[in-house]
Amino acid sequence: MKKRSVALCLAVVMAAETLGGCSGGSTGKAAVNSDAAGTAAAGSESAGTEPAAADPSMYEVTEPITIKWWHSLEDQYSDTVNQIVEDFNNSQDLITVEAEYVGSYAKTNEALVAAHAAGTGLPAITVANTPYVAEYGAGGLTEDLTPYIEASGYDIEDFGDGMILAAQYEGKQVSLPFLISTQILFYNKDLTDELGIKIPTTWEEMDTFMQEGTQKAADGSTERYATIIPGWDQWYYETFYLNQGVNIINDDQISTDLGDETAVQIAEKIQEWCDNGYTYWTGTADDASSNMRQNFISGKALSVVHTTSLYNTYVDQCDFEVGMAWLPGGDTRNQEIGGCVLLIPAKNDQATKNAAWQFLQYLCSKDVNMTWAEGTGYMPTRKSVLETEEGKEFLEKKPAFQAIFDNLDLIYPRIQHKAWSQLATIWKNSMAEVMIEGGDVPAAMEEMADEINDVLEDS
């Protein structure tokens, strides 16, 4: 079959798709682009200058080129990755994409920052976990896509508002939403129905759920945990704090409430559940996620807090019906956008950027996004899909996603601050220590908050 031109491919990929949003920030609402005023703008090689006029000829691909795409998609997604890359390569004559698995989002971040600092070895296009957007924007790592969008007429507005904001830095579109997820409670629906256990919708209902959902042996040891809380990424327990009014980063951008009374009470309650054998804290080890998954699959946990992106993985491996429930809320019931965006490194030459832009549009197109949504647990990312037959068919195949579609307005962008990755590391390590090794929660939280305040003040 004759290959289509790049221009025709661009026209084809200007399609629509589903959904939006996520939470975070100092008020539990979207705390987007929260860096102090005056920080360097994200984007192109000439940061601080006005974007070039939207001249389509500036972004054309005119010569054959091979580009590299860095991603963090694990083995279970390799067939889909290979098929999508092959389809793109066969769709036009000039661009050849080579996909490379770099590792987790954290590993990809390390490799990307190192390559940017060295000015060599950069990919043409890369995924990035959403909290890194502000850090990359402040450091000038990302190309400003605004003129590219204007020149190509790309329908950016079809993404949900929260997704658009999550991919911006200081008002500039420095990335595009790619594989989007949110936090969810996976649970053994067959067993909860059999035992008559109510899935908690509020933090106050968690005590009852923990007691009823836990099964103990005669010697008092735990045979089945009510749930498991991931400790390798603070994203999984972050909303427990936000929805009870805890400001992870205050409006002043240089302090946190994580050492205050409410935050301490939340941590103390989690420690109590761990001590009682109702749950366990996974810690931050590399095998923490796989161990947690296996405990749920084998029936050693009634539920787990995890990412919606693993829905297919759980369904394929569990011999019971897998349910999905919105995480228990507090004063609010907000959740946060998860997954990743796609960005183009600013230090690449223009020919590489242009080829990357063509591929980026393809990856974010309606058809390709629905391929990801159907083949994984990632959500459709375009609003228009909700009104299409594809969207209806998606829910028929994955009815558990109704819990997400019913709460789309409660999904907001994650907190964005250029010191966020440092803050998150401090928080994760402190929580792991006090939950696994025990100790005085108020003292640990106060010490942690002081360290985070120092980082925020220095950023």
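If you're wondering where the values come from, they're calculated on a predicted model, not measured in any experiment.
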Judged by atom type as modelled, is there a donor-acceptor pair below 3.5 Å linking the side chain of [X] to the main-chain atoms of [Y]?
X	Y	value
N243	N334	yes
N188	L302	no
D144	T146	yes
N348	P123	yes
T130	G338	no
E451	E447	no
K347	A115	no
T256	A449	no
T308	T182	yes
Q92	F88	yes

Subject >> Pairing residues for N453 by the side-chain hydrogen bond (donor to acceptor under 3.5 Å, both in side chains) criterion, not counting sequence neighbours >> reply: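 Here no residue qualifies.
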Original post:
Sequence neighbours excluded, which residues qualify as side-chain hydrogen bond (donor to acceptor under 3.5 Å, both in side chains) partners of Y237?
Top reply: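 Here no residue qualifies.
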Rounded to the nearest 0.5 Å, how far apart are [atom1] of [X] and [atom2] of [Y]?
X	Y	atom1	atom2	value
D367	Y362	CG	OH	8.5 Å
M435	I229	CE	CD1	8.0 Å
L176	C340	CG	SG	11.5 Å
K392	F394	NZ	CZ	15.5 Å
K353	L145	NZ	CG	10.5 Å
N295	I228	CG	CD1	4.5 Å

Flag the pair [X] / [Y] as yes when at least one side-chain heavy-atom distance between them is below 4.5 Å, and no otherwise.
X	Y	value
S181	W235	yes
L73	W372	yes
R414	V133	no
T352	I65	yes
H71	Y77	no
F186	T227	no
L395	Q402	yes
P328	F240	yes

Original post:
Does any pair with a residue in residues 110-124 pass side chain to side chain donor-acceptor pair (under 3.5 Å), and if so which ones, sequence neighbours excluded?
Top reply: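 Found none.
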Original post:
What pairs meet the side chain to side chain donor-acceptor pair (under 3.5 Å) rule with one or both residues in residues 313-323, with sequence neighbours excluded?
Top reply: H306-Y314
Original post:
Passes side chain to side chain contact (heavy atoms under 4.5 Å, CB included), S309 versus L179? Steps please.
Top reply: CA-CA 8 Å; S309 65; L179 301 179; over 6 Å; no
Identify the heavy atoms of [X] and [Y] that sit nearest to each other, and give their distance.
X	Y	value
L343	L112	CD1-CD2, 4.4 Å
G121	W70	O-CZ2, 3.6 Å
A151	P56	O-CG, 3.6 Å
M292	V305	CE-O, 3.5 Å
A325	I199	CB-CG2, 3.6 Å
P177	I164	CG-N, 4.5 Å

Listed partners of [X] passing side chain to side chain contact (heavy atoms under 4.5 Å, CB included), at least two apart:
X	result
R333	W326, N407, L410
D287	A285, S290, N291
V434	Q271, V441, A444

**OP:** For this output row, return yes or no: ring centroids of F296 and F320 closer than 6.0 angstrom.
**Re:** yes
**OP:** Evaluate the side chain to side chain contact (heavy atoms under 4.5 Å, CB included) criterion for residues Q168 and Q173: first the C-alpha distance (whole Å), next the side-chain angles of each, then the deciding distance (0.1 Å), finally the verdict.
**Re:** CA-CA 5 Å; Q168 288 181 355; Q173 204 67 51; 2.9 Å; yes
**OP:** For a side-chain contact (heavy atoms from CB on, under 4.5 Å) with I67, tell me which candidate from I95, N354, V61 qualifies.
**Re:** I95
Subject >> Candidates N369, L363, I125 - the one meeting side-chain contact (heavy atoms from CB on, under 4.5 Å) with F178 >> reply: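 Checked N369, L363, I125 against F178; only one passes side-chain contact (heavy atoms from CB on, under 4.5 Å): L363.
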Subject >> side chain to side chain contact (heavy atoms under 4.5 Å, CB included) evaluation trace for D257 with Y241 >> reply: CA-CA 10 Å; D257 281 351; Y241 290 81; over 6 Å; no
**OP:** Give every residue pair that meets the ring pair (Phe, Tyr, Trp, His ring centres under 6.0 Å) criterion with at least one member in residues 337-356, sequence neighbours excluded.
**Re:** none
Extract all donor-acceptor atom pairs below 3.5 Å that involve side chains of residues 424-431 and protein atoms in other chains or at least two apart in sequence.
from, atom 1, to, atom 2, distance (Å)
T425, OG1, S421, O, 2.9
N429, ND2, T425, O, 3.3

Original post:
Got a sec, which residues hit ring pair (Phe, Tyr, Trp, His ring centres under 6.0 Å) with W420, two or more places apart in sequence or on another chain?
Top reply: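 So W420 forms no ring pair (Phe, Tyr, Trp, His ring centres under 6.0 Å) with any residue.
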Original post:
Got a sec, which residues hit ring pair (Phe, Tyr, Trp, His ring centres under 6.0 Å) with Y378, two or more places apart in sequence or on another chain?
Top reply: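 Residues passing ring pair (Phe, Tyr, Trp, His ring centres under 6.0 Å) with Y378: none at all.
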Original post:
Between Y225 and Y280, is a ring pair (Phe, Tyr, Trp, His ring centres under 6.0 Å) present by the stated rule, with each step listed?
Top reply: CA-CA 8 Å; Y225 294 99; Y280 77 82; 5.1 Å; yes
Please list every donor-acceptor pair under 3.5 Å in which a side-chain atom of residues 97-106 meets a protein atom from a residue at least two apart or in another chain.
from, atom 1, to, atom 2, distance (Å)
E100, OE1, K68, NZ, 3.3
S104, OG, A106, N, 3.4
S104, OG, K107, N, 3.2

Original post:
Without hydrogens or angle criteria, can the side chains of Y136 and N109 be said to hold a donor-acceptor pair below 3.5 Å?
Top reply: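 Yes, because at least one side-chain N or O of Y136 sits under 3.5 Å from a partner of the opposite role on N109.
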Subject >> Donor + acceptor pair across side chains of Q83, D87 (<3.5 Å) >> reply: yes
Original post:
So I411 and I180, side chain to side chain contact (heavy atoms under 4.5 Å, CB included) or not? Walk me through it.
Top reply: CA-CA 11 Å; I411 306 176; I180 299 302; over 6 Å; no
